[in-house]
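Here is the structure we will look at, set down as structure tokens.
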Amino acid sequence: MLHVDPIFAATSVAPATLATGGEAVPPPFTVARVLTETRLDSWLALGLVLAAGLYLYGVYRLRLRGDRWPVVRTVCFLVPGLGGIAAVTVSGLGAYDTALLSVHMVQHMVLSMIAPIFLALGAPVTLALRTLPVRPRKRLLAIVHSRIARVYSFPLVAFAIFVVNPFALYFTGLYEITLRHEWAHELVHAHFIMTGCVFFWPLLGLDPLPGRWPYPARALLMLLSVPFHTVLGLTIMQSTVLLGGDWYPSLHLSWSDPWNDQVVAGGVLWAGGEFVSVTMLAVLVVQWIKQSEREARRLDRELDRQEARERAAEASA
């Protein structure tokens with residue numbers, strides 16, 4: 001079954017006609033269509049609504065018993081986290097992800113880099129541990145500290161998955177399969193999100209994870225990831241083969257040239273990857289500074305207590 005987004009239904013042509021070069025083609029890509037052609041009938045939209053509802057319910061439970069939850073965590077999780085995923089999948093932007101490679105690359109950046117960073121900063125696991133009953137909380141802790149979680153959250157394993165997967169997707173026949181089959185296309189979206197979470201959660205996340213590296217080691221791994229999207233973007237821009245095989249030429253879009261669009265797509269990865277990498281490195285440095293300040297305050301309190309004990313001992317003597 002060929003995958004063609006609902007926005008293309010306006011052409012009144014069957015998907016096979018589009019894929020074989022029929023006269024009717026998808027309408028030109030415009031900002032107005034991005035804002036108006038929203039899809040709320042996918043499993044991903046349902047998952048986003050469910051995740052937002054559960055998170056807000058957890059915050060509500062905390063406030064009912066008088067506990068505080070940082071507002072910035074809620075904003076990070078809901079707006080750039082879940083909201084970022086929604087912006088590139090259920091909006092009109094997602095309706096063009098099989099017609100324009102550049103749109104797909106914007107999805108790639110948001111789903112694998114931007115949204116996972118803010119999901120991790122939202123600390124949903126910590127929220128769940130503070131609100132769940134005893135038995136579910138123990139099960140969640142068992143999952144977090146399981147052997148599988150330890151392996152996938154180990155920074156070097158997560159880094160390898162994060163770096164290798166895009167090359168395996170775009171430079172094999174897998175990408176064309178995702179264009180022609182909707183189930184594979186949706187699976188890639190979920191895979192992007194999971195890959196980003198596996199990479200960023202141990203580096204930037206606030207949840208209690210086993211075997212977390214110290215900040216200097218995490219910063220080094222961040223620096224090693226900076227040139228990754230540059231190499232991938234330049235490789236795509238200079239490629240003499242179209243990604244996706246003959247899929248994009250078969251659409252016969254009069255308003256878009258597949259070769260030019262592929263250059264734009266590579267540029268999106270190049271520029272976007274540099275920006276996000278520098279931003280996440282800055283976030284890590286800020287966390288490092290705050291952790292150092294907390295440690296300094298803890299040491300000061302310990303020294304004050306030690307001095308108080310010494311003075312009390314001297315007074316009693």
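Just so you know, these numbers use all the heavy atoms, side chains as well, and skip hydrogens, waters and symmetry mates.
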Self-check item: Counterpart residues, ring pair (Phe, Tyr, Trp, His ring centres under 6.0 Å), relative to Phe77 (two or more places apart)
Solution: Tyr55

Quiz item: Would you call Met109 and Phe275 a side-chain contact if the rule is heavy atoms closer than 4.5 Å?
Solution: no

In residues 305-317, what donor-acceptor pairs under 3.5 Å come from side-chain atoms, sequence neighbours left out?
{"from": "Arg305", "atom 1": "NH2", "to": "Glu302", "atom 2": "OE1", "distance (Å)": "2.9"}
{"from": "Ser316", "atom 1": "OG", "to": "Ala312", "atom 2": "O", "distance (Å)": "3.2"}
{"from": "Ser316", "atom 1": "OG", "to": "Ala313", "atom 2": "O", "distance (Å)": "2.8"}

Quiz prompt | ring pair (Phe, Tyr, Trp, His ring centres under 6.0 Å) partners for Tyr152, two or more places apart | solution = none

Quiz item: What's the verdict on ring-ring contact (aromatic ring centres under 6.0 Å, His included) for His104 and Tyr248, showing C-alpha distance, side-chain angles and the deciding distance?
Solution: CA-CA 12 Å; His104 169 81; Tyr248 294 111; 8.7 Å; no

Quiz item: Phe118: what forms a ring pair (Phe, Tyr, Trp, His ring centres under 6.0 Å) with it, not counting sequence neighbours?
Solution: none

Quiz item: With Glu274, which residues qualify under side chain to side chain donor-acceptor pair (under 3.5 Å), at least two apart?
Solution: Thr230

Quiz prompt | Test side chain to side chain contact (heavy atoms under 4.5 Å, CB included) applied to Trp288 - qualifying residues, sequence neighbours left out | solution = Tyr215, Pro216, Ala219, Ser292

Exercise. Considering only Ile, Leu, Val, Met, Phe, Trp and Tyr, and joining two whenever side-chain heavy atoms are under 4.5 Å apart, list the other residues clustered with Ile289.
Key: Val285

Self-check item: Partners passing side chain to side chain donor-acceptor pair (under 3.5 Å) against Ser102 (at least two apart in sequence or in another chain)
Solution: Asp261

Practice problem: Inspect the surroundings of CZ in Phe167 and state if more than 12 heavy atoms from other residues, nucleotides or ligands are less than 6.0 Å away. | Solution: yes

Donor-acceptor pairs under 3.5 angstrom involving side-chain atoms of residues 187-210: please list them, not counting sequence neighbours.
{"from": "His189", "atom 1": "NE2", "to": "Gln107", "atom 2": "OE1", "distance (Å)": "3.2"}
{"from": "His191", "atom 1": "NE2", "to": "Asn165", "atom 2": "ND2", "distance (Å)": "2.8"}
{"from": "His191", "atom 1": "NE2", "to": "Thr195", "atom 2": "OG1", "distance (Å)": "3.4"}
{"from": "Thr195", "atom 1": "OG1", "to": "His191", "atom 2": "O", "distance (Å)": "2.8"}
{"from": "Trp201", "atom 1": "NE1", "to": "Asp207", "atom 2": "OD2", "distance (Å)": "2.8"}
{"from": "Asp207", "atom 1": "OD1", "to": "Val125", "atom 2": "N", "distance (Å)": "3.3"}
{"from": "Asp207", "atom 1": "OD1", "to": "Thr126", "atom 2": "N", "distance (Å)": "2.7"}
{"from": "Asp207", "atom 1": "OD1", "to": "Thr126", "atom 2": "OG1", "distance (Å)": "2.7"}
{"from": "Asp207", "atom 1": "OD2", "to": "Val125", "atom 2": "N", "distance (Å)": "3.4"}

Quiz item: Got a sec, which residues hit ring pair (Phe, Tyr, Trp, His ring centres under 6.0 Å) with Phe154, two or more places apart in sequence or on another chain?
Solution: Trp213

Output side-chain donor-acceptor pairs under 3.5 Å for residues 84-92, partner residues at least two apart or in another chain, one line each.
{"from": "Thr89", "atom 1": "OG1", "to": "Ile85", "atom 2": "O", "distance (Å)": "2.6"}
{"from": "Ser91", "atom 1": "OG", "to": "Ala87", "atom 2": "O", "distance (Å)": "2.3"}
{"from": "Ser91", "atom 1": "OG", "to": "Leu93", "atom 2": "N", "distance (Å)": "3.2"}

Quiz item: Under the 4.5 Å side-chain heavy-atom rule for ILVMFWY, direct or indirect, which residues accompany Met237?
Solution: Leu234, Val263, Trp270

